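From a predicted model like this one, the values you see are computed outputs, not experimental measurements.
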Amino acid sequence: MGRFSYITRAVWLLSLISLFTDLASEMLYPVMPLYLQSIGFSIFFIGLLEGVAEAVAGLSKGYFGQWSDRLGRRVPFVQWGYGLSALSKPMLAVLAAPWWVFLARTVDRLGKGLRTGARDALLSDETTPENKGKVFGFHRSMDTLGAVFGPTVALLWLAARPGQFRPLFWWAFVPGVLAVAVTFALRERPAVPSGRPPQPFWASFGYWRVAPPAYRRVVGGLLVFALFNSSDAFLLLLARQRGVSEAGVIGLYILYNAVYVLSAWPLGHLADRLGPRRLLVGGLLAFTAVYGGVALVRDGWAFAGLFALYGLYAASTEGVAKAWVSNLCARADTGAALGTLGGLSSLAALGASLGAGAVWQLAGPGWTFGLAAGAALSVAGYLAVVRVREG
């Protein structure tokens with residue numbers, strides 16, 4: 001027990017909540033574009049819907065993160081955030097009107113923005129700087145375990161009942177409700193309110209102005225990378241265009257998540273031993289290899305190898321980045337700091353996906369993935385040498 005004492009009751013509960021929620025969300029991720037097309041959405045409007053949804057999530061992460069800091073409360077934001085996301089799942093099955101689908105996706109992303117900063121602050125508060133990589137890595141492993149189970153359920157359902165999308169939205173409601181139920185077992189840790197005055201919604205990222213220089217240097221580099229890190233849908237689309245079957249594409253996505261699950265926690269341990277900087281730089285180099293490689297390969301097995309490496313990239317960066325950034329801010333500002341990182345990254349990812357689509361259309365996929373690989377390599381070099389005062 002002593003060896004894993006950093007995995008506290010709250011860390012277990014938050015990880016279980018994320019597992020259930022990701023199971024619900026990822027059950028729908030591979031089929032959402034197919035469903036939207038089946039009810040009359042064009043490719044343009046699918047892109048617009050997802051873009052607006054990500055913008056809502058991005059803006060709200062910073063806003064609600066600083067709000068939770070100001071109140072010194074975390075759990076209510078977690079409960080309401082997961083509750084809204086759970087509610088959005090059956091909404092998509094009730095009515096197929098475009099305005100209703102738009103509302104359901106907005107509710108889902110608003111829930112993500114509401115909970116993210118407070119949840120990550122809870123995880124940060126549960127541990128010490130020496131163990132943050134392990135804690136965030138464990139949480140990411142549990143979260144991504146849901147991303148293995150979810151697409152598998154969808155694949156089995158559609159294999160047995162091709163084209164029957166709507167029942168999946170009702171099935172996704174079940175793990176969503178379980179996630180909400182577990183949030184009521186969380187207990188609020190005593191926290192010191194930040195004392196900062198209330199901020200309007202459009203000032204969601206006001207923390208950036210008062211953040212320590214080390215925070216701005218590291219997060220600035222991460223945001224440059226995010227501007228070139230487009231949606232994973234482009235990787236899946238390229239695999240499909242290169243001859244991988246639809247079932248094979250979902251299989252690649254499951255493989256990516258499976259590698260992520262198995263490696264996030266061990267790599268979190270390694271980050272605590274070697275320092276998060278080294279793991280993050282290594283992850284960006286893996287991203288460079290994946291995005292450089294997919295532009296060249298055409299064989300299904302080669303895609304499988306690159307998607308496995310992509311899982312290692314994600315495990316080396318997502319939780320590790322949060323662990324590093326949370327050590328570069330005051331504890332009372334953790335929600336705002338992590339919410340601002342998540343929010344700005346979401347907005348940057350929106351720009352990255354729009355830009356990737358435009359480059360693909362104008363110059364082909366080789367340029368899309370080549371530019372992203374070059375950007376990742378440059379940011380890896382920057383983060384390897386940037387001077388920060390580690391917490």
Side-chain angles (χ1 to χ4, degrees), residues 3-8 10-12 14-15 18 61 65 68-69 74 78 115-144 189 191 207 211-212 214-223 225-226 229 260-287 311-345 379-380 382-384 386-391:
R3 184 180 177 187
F4 302 107
S5 59
Y6 55 86
I7 307 297
T8 65
V11 172
W12 267 110
L14 288 167
S15 300
S18 291
K61 283 177 184 177
S68 75
D69 287 337
R74 311 295 190 194
V78 172
R115 70 180 181 256
T116 298
R119 182 205 63 205
D120 290 344
L122 271 176
L123 288 169
S124 179
D125 290 346
E126 282 292 315
T127 188
T128 62
E130 294 75 24
N131 287 319
K132 284 189 179 179
K134 302 181 188 73
V135 167
F136 279 101
F138 176 79
H139 176 263
R140 292 309 305 166
S141 285
M142 290 286 283
D143 181 280
T144 310
R189 255 183 183 268
Y207 175 74
Y215 174 93
R216 291 199 296 268
R217 291 190 193 109
V218 171
V219 172
L222 294 174
L223 292 177
F225 168 64
N229 184 14
Y260 191 168
V261 167
L262 294 174
S263 55
W265 194 13
L267 289 175
H269 279 260
L270 196 59
D272 288 332
R273 180 176 298 177
L274 301 179
R277 182 201 298 262
R278 292 179 181 177
L279 263 290
L280 195 55
V281 169
L284 291 174
L285 293 177
F287 180 97
L312 289 175
Y313 141 74
S316 303
T317 55
E318 293 190 12
V320 171
K322 291 178 180 179
W324 191 11
V325 167
S326 67
N327 285 337
L328 303 176
C329 64
R331 179 172 177 176
D333 292 330
T334 306
L338 292 173
T340 298
L341 168 63
L344 289 174
S345 296
V379 173
Y382 165 76
L383 290 178
V386 65
R387 296 188 175 213
V388 296
R389 189 174 178 178
E390 311 267 350

- In this structure, CG of Leu14 is separated from CG of Asp143 (nearest 0.5 Å) by 11.0 Å
- Query: Looking at side-chain heavy atoms only, is the closest gap between Leu341 and Tyr215 below 4.5 Å?
  - Reply: yes
- Message: Taking salt bridge (charged side-chain N to carboxylate O under 4.0 Å, His left out) as the cut-off, I'd like each qualifying pair that reaches into residues 316-327, sequence neighbours left out, listed once.
- Response: Asp120-Lys322, Arg140-Glu318
- Query: Rounded to the nearest 0.5 Å, what separation is found between the CG atom of Leu383 and the OG1 atom of Thr317?
  - Reply: 11.0 Å
- Message: Counting C-beta onward and ignoring hydrogens, is there a side-chain heavy-atom pair between Ser345 and Leu223 closer than 4.5 Å?
- Response: yes
- Note on the structure: By side chain to side chain donor-acceptor pair (under 3.5 Å), Ser68 pairs with (sequence neighbours left out) Arg74
- Task: List in chain and number order the residues that pass side chain to side chain contact (heavy atoms under 4.5 Å, CB included) with Arg216, two or more places apart in sequence or in another chain; answer none if no residue qualifies.
- Result: Trp208, Ala211, Pro213
- Task: Return the set of residues passing side chain to side chain contact (heavy atoms under 4.5 Å, CB included) with Ala315 (not counting sequence neighbours), or none when no residue passes.
- Result: Tyr260, Ser263, Ala264, Leu267
- Of all the heavy-atom pairs spanning Tyr313 and Ala286, show the shortest one and how long it is. CB-CB, 4.0 Å
- Task: Taking the side chain as every heavy atom from C-beta outward, state whether Arg277 and Val386 have any pair of such atoms under 4.5 Å apart.
- Result: yes
- Using the test ring pair (Phe, Tyr, Trp, His ring centres under 6.0 Å), find all partners of Phe225 that sit at least two apart in sequence or belong to another chain. Phe287
- Item | Ser15: partners by side chain to side chain contact (heavy atoms under 4.5 Å, CB included), with sequence neighbours left out | Val11, Phe138, His139, Met142
- Atom of Val320, atom of Ala271 and distance for their closest heavy-atom approach: CG2-CB, 4.0 Å
- Closest contact, heavy atoms only, Tyr382 versus Gly221: CE2-CA, 3.8 Å
- Query: At what distance, to the nearest 0.5 angstrom, does OG of Ser316 lie from CG of Leu280?
  - Reply: 8.5 Å
- Task: Would you mind reporting whether Leu344 and Leu222 have side-chain heavy atoms less than 4.5 Å apart?
- Result: no
